[in-house]
Amino acid sequence: MQFTVDMDLCESHGQCVFAAPEVFSFDDEDYLVVTPAPAPDESLRDKIEKAASACPVRAITLTPAAR
């Protein structure tokens, strides 16, 4: 699985941070920080899927991993 975050859509609601703090966080100026991207460890799949579905503006897009 890979994912992207459309930073033009992101409004820093923080639902992704609550769902997957290993991947999403905010910097000191409340800008979203994403680690690791674009292909995180498979063990984080459930959390990233929850983060994507929790985003009120649908800024996170999931795609299958390239083979």
Check whether any side-chain heavy atom of Tyr31 sits under 4.5 Å from a side-chain heavy atom of Ser12, and report yes or no. no
Using the rule that Ile, Leu, Val, Met, Phe, Trp and Tyr join whenever any side-chain heavy atoms are under 4.5 Å apart, tell me whether Phe26 and Leu9 fall into a single cluster.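 No: no chain of side-chain contacts under 4.5 Å links Phe26 to Leu9.
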Filter on side-chain hydrogen bond (donor to acceptor under 3.5 Å, both in side chains), then keep only pairs touching residues 54-64, sequence neighbours left out; what's left? none
What is the distance from atom CD of Glu11 to atom CG of Leu32, rounded to the nearest 0.5 Å? 12.5 Å
Residues which pass salt bridge (Lys or Arg N to Asp or Glu O under 4.0 Å) with Glu29, listed by chain and number, not counting sequence neighbours: none
Under 3.5 Å, which donor-acceptor pairs link side chains of residues 48-57 to any protein atom two or more places apart or in another chain?
| unit_1 | atom_1 | unit_2 | atom_2 | d |
| --- | --- | --- | --- | --- |
| Glu49 | OE2 | Arg45 | NH1 | 3.3 |
| Ser53 | OG | Glu49 | O | 3.2 |
| Ser53 | OG | Lys50 | O | 3.2 |

Would Leu62 and Gln2 satisfy side chain to side chain contact (heavy atoms under 4.5 Å, CB included), going step by step from the backbone distance to the final call? CA-CA 6 Å; Leu62 305 175; Gln2 294 180 326; over 6 Å; no
Only distances under 3.5 Å count here; give the side-chain donor-acceptor pairs of residues 15-24 to other protein atoms, sequence neighbours excluded, each with its distance to 0.1 Å.
| unit_1 | atom_1 | unit_2 | atom_2 | d |
| --- | --- | --- | --- | --- |
| Glu22 | OE1 | Lys47 | NZ | 3.4 |
| Glu22 | OE2 | Lys47 | NZ | 2.4 |

My understanding is that only residues two or more places apart in sequence, or in another chain, count here; which of them pass side chain to side chain contact (heavy atoms under 4.5 Å, CB included) with Ser25?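 Listed in chain order: Val33.
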